[in-house]
Amino acid sequence: MSFPLLTATAALPAIGAVVTAAVPAARRNAAKSLALVFSLATLALAIVVLVRFDPDGGRYQLTESHSWIADFGVRYELGVDGIGVALLALTALLIPFIILAGWHDADPLETGDASLSSFAAGRWRPTQGFFALILAVEAMVIISFEATDVFLFYIFFEAMLIPMYFLIGGFGDRAHEHGEEAASTQRSYAAVKFLLYNLVGGLIMLAAVIGLYVVAGNFSLTEIAEARANGTLDMATNTERWLFLGFFFAFAVKAPLWPLHTWLPNAMGEATTPVAVLITAVVDKVGTFAMLRFCLQLFPEASKWATPAILVLAVISIIYGALLAVGQRDIKRLVAYASISHFGFIILGIFAMTSQGQSGATLYMVNHGISTAALMLVAGFLISRRGSRLIADYGGVQKVAPVLAGTFLIGGLATLSLPGLAPFVSEFLVLVGTFARYPAIGIVATFGIVLAALYTLVLYQRTMTGPVKPDVSAMPDLRARELVVVTPLILLLIFLGVYPKPLTEIVNPAVKQTLSDVQKKDPQPEVEAAK
């Protein structure tokens, strides 16, 4: 039996979570170091997966399949295609930076009162629990990218809500304009809203998963897709549409897509900055990934049927998210609304049903994860120095902390998809792919780029330029640990912006397979005949 590499990649952070949580309370630094070591070991395994993956090989590689709940046709089945392996690598890459960035975020505010009520109120922070929960989320996200059994995917798609709920509600942002009591109330509200929205989506998906089993007789993604392709499994039109809607609704909540997005600004605003990055750069990618893997592959006809409505919702997300970002006073909520706009671009690319659009959407998932992590983490370092999330409380930062301001600018320019930085390639492909089939939709979506430039540059101008405000006059520049967090992300944004070929070579074959599932081909350009 070959080494179960995919299982090991997901199991290692899960083991790390247990080990980190078991560290005695008095040894907080040991818990932090253990969490970092396990995250780096997971990254090493992810690199092995990436190296062993052959873009020109079979669709799903490094597969594992074992009987699990035989009476119900549930199997423990894993496998990665080009899209899954790219997002697996992104997750493993970001977690060590998230842990380093949050090195002091779970240090206790008070000692002596270690009760559950004190934890819920934010006065006592179990450091070991914070880092253990991050590793637990990593394990669940990774196995979600690997699962090829629908029921197995569903279990971890839902299970990741539990550690995320505690990360949001129990370890909230300390920089709150209305004091700790108000902050505790807002954290609780954000955590409950996050949980309820995603639980409702998950329950609707569970009904669709059960319906799929009734129709197909098993949960194997590969077997069901093969049966759909060769005609041995023929779903009634209405049945396929209802099942598609059940799956898509859950993924649209997770993504998040307008109008199911309202939990995200609250969750990102009230969570610590590393947890906010974990939400938007890692966890939310499971939703858009699942649209490609499950919606299009299991329900090709229903996907085409729903495309016009989904494209309209995606464009609304792009414009709506960008407009609300322009009007924000809170730095973290601005990034949250910008992310809603970016997820609109990702979903637009997926349902444009072109190779350029879907390749761009996959690249966008990876590039958005890197760029948002860079911008949000630097913003977090800024907020921790001043103790405020309000844009109006800053000014002239570039004169006292030029390295911080410079990295903030690069992260912001990546967010607005400046040519030469990684997100530009993905956004360009999404718009080209959309315009090829739906020119009107593509034109409207382009206005999102203009608005992105507006909210990014205005944010930089108001916080970094102008006279130095008294409260930031003594602000220190980035420290060594913070530079270790930010520098690799900035370099990666530049590298993938100049040379995206390593990433496109991995994802393009998987995109072609997905288009084949829905029996779509790229539209041919209309060339006027020479006279």
Under 3.5 Å, is there a donor-acceptor pair between the side chain of [X] and the main chain of [Y]?
X    : Y    : value
Q358 : I350 : yes
R437 : A352 : yes
S341 : G321 : no
S303 : C295 : yes
K254 : G202 : no
R333 : A325 : no

Do [X] and [Y] touch side chain to side chain, with heavy atoms closer than 4.5 Å?
X    : Y    : result
M164 : V275 : yes
L212 : V209 : no
I494 : I490 : yes
T354 : V432 : no
T148 : T63  : no
L296 : F351 : yes
V137 : V141 : yes
Y455 : L459 : no

[X] and [Y]: which non-hydrogen atoms are nearest, and at how many Å?
X    : Y    : value
A101 : V485 : N-CG2, 3.9 Å
K332 : T273 : NZ-N, 3.9 Å
W263 : V253 : NE1-O, 3.0 Å
I331 : A379 : CG2-CB, 3.9 Å
R293 : F145 : NH1-O, 3.2 Å
S317 : L257 : OG-CD1, 3.4 Å

Tell me every residue that passes side-chain hydrogen bond (donor to acceptor under 3.5 Å, both in side chains) with [X], counting only those two or more places apart in sequence or in another chain.
X    : value
S426 : N367
T288 : none
E427 : Y364, S417

Would you mind listing every side-chain hydrogen bond (donor to acceptor under 3.5 Å, both in side chains) that reaches into residues 53-62, with sequence neighbours excluded?
->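 Output for this query lists R59-Q297, R59-D517, Y60-Q297.
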
For residues 205-222, which residue pairs qualify under side-chain hydrogen bond (donor to acceptor under 3.5 Å, both in side chains), counting only residues two or more places apart or in two chains?
->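 Non-adjacent pairs meeting side-chain hydrogen bond (donor to acceptor under 3.5 Å, both in side chains): E77-S220, S220-T222.
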
Strictly by modelled atom types, are S67 and Y76 linked by a side-chain donor-acceptor pair under 3.5 Å?
->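 The answer is no; no qualifying pair exists.
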
Those residues that, when tested against F343, pass ring pair (Phe, Tyr, Trp, His ring centres under 6.0 Å) (two or more places apart) =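 Scan of F343 (ring pair (Phe, Tyr, Trp, His ring centres under 6.0 Å), adjacent residues dropped) gives H368.
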
With sequence neighbours excluded, residues passing ring pair (Phe, Tyr, Trp, His ring centres under 6.0 Å) with F157 =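 Ring pair (Phe, Tyr, Trp, His ring centres under 6.0 Å) check on F157 returns F153, F251.
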
List in chain and number order the residues that pass side chain to side chain contact (heavy atoms under 4.5 Å, CB included) with L195, two or more places apart in sequence or in another chain; answer none if no residue qualifies.
->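 Residues passing side chain to side chain contact (heavy atoms under 4.5 Å, CB included) with L195: L161, Y165, L199.
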
Any chance you could measure [X], atom [atom1], to [Y], atom [atom2], to the nearest 0.5 Å?
X    : Y    : atom1 : atom2 : value
I318 : T446 : CD1   : OG1   : 8.5 Å
L324 : I340 : CG    : CD1   : 8.0 Å
N198 : K193 : CG    : NZ    : 12.0 Å
I155 : I143 : CD1   : CD1   : 9.5 Å
L375 : S339 : CG    : OG    : 8.5 Å
L78  : D149 : CG    : CG    : 9.5 Å

When you look at CZ of F428, are more than 12 heavy atoms from neighbouring residues, nucleotides or ligands closer to it than 6.0 Å?
->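 Atom CZ in F428 is not packed in, count stays at 12 or less.
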
Return yes when atom OH of Y197 has more than 12 non-hydrogen atoms of other residues, nucleotides or ligands closer than 6.0 Å, and no otherwise.
->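 Atom OH in Y197 is crowded, with more than 12 foreign heavy atoms closer than 6.0 Å.
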
Could you go through the side chain to side chain contact (heavy atoms under 4.5 Å, CB included) check for V486 and I410 one step at a time?
-> CA-CA 11 Å; V486 174; I410 295 174; over 6 Å; no

Sole candidate of E64, H66, E146 that passes side chain to side chain donor-acceptor pair (under 3.5 Å) when paired with T7 =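 Passing option: E64.
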
Please list every donor-acceptor pair under 3.5 Å in which a side-chain atom of residues 507-515 meets a protein atom from a residue at least two apart or in another chain.
unit_1: N508; atom_1: OD1; unit_2: S359; atom_2: OG; d: 2.7
unit_1: N508; atom_1: ND2; unit_2: T504; atom_2: O; d: 3.2
unit_1: T514; atom_1: OG1; unit_2: A510; atom_2: O; d: 3.0

Can you give the donor-acceptor pairs under 3.5 Å from side chains of residues 82-98 to other protein atoms, not counting sequence neighbours?
unit_1: T91; atom_1: OG1; unit_2: L87; atom_2: O; d: 2.9

Using the test salt bridge (Lys or Arg N to Asp or Glu O under 4.0 Å), find all partners of K304 that sit at least two apart in sequence or belong to another chain.
->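 So K304 forms a salt bridge (Lys or Arg N to Asp or Glu O under 4.0 Å) with E301.
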
Evaluate the side chain to side chain contact (heavy atoms under 4.5 Å, CB included) criterion for residues I310 and L348: first the C-alpha distance (whole Å), next the side-chain angles of each, then the deciding distance (0.1 Å), finally the verdict.
-> CA-CA 8 Å; I310 294 172; L348 185 70; over 6 Å; no

Taking only residues at least two apart or on different chains, which pairs with a member in residues 220-244 satisfy ring pair (Phe, Tyr, Trp, His ring centres under 6.0 Å)?
->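 As it turns out, the ring pair (Phe, Tyr, Trp, His ring centres under 6.0 Å) pairs with a partner in residues 220-244, which skip direct neighbours, are F244-F248.
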
Report the C-alpha separation of I134 and E138 in whole Å, then their side-chain angles, then the decisive distance to 0.1 Å, and conclude whether the side chain to side chain contact (heavy atoms under 4.5 Å, CB included) test is met.
-> CA-CA 6 Å; I134 290 175; E138 178 182 20; 5.8 Å; no

Would you please test V425 and L496 for side chain to side chain contact (heavy atoms under 4.5 Å, CB included) and show each step?
-> CA-CA 9 Å; V425 179; L496 291 176; over 6 Å; no

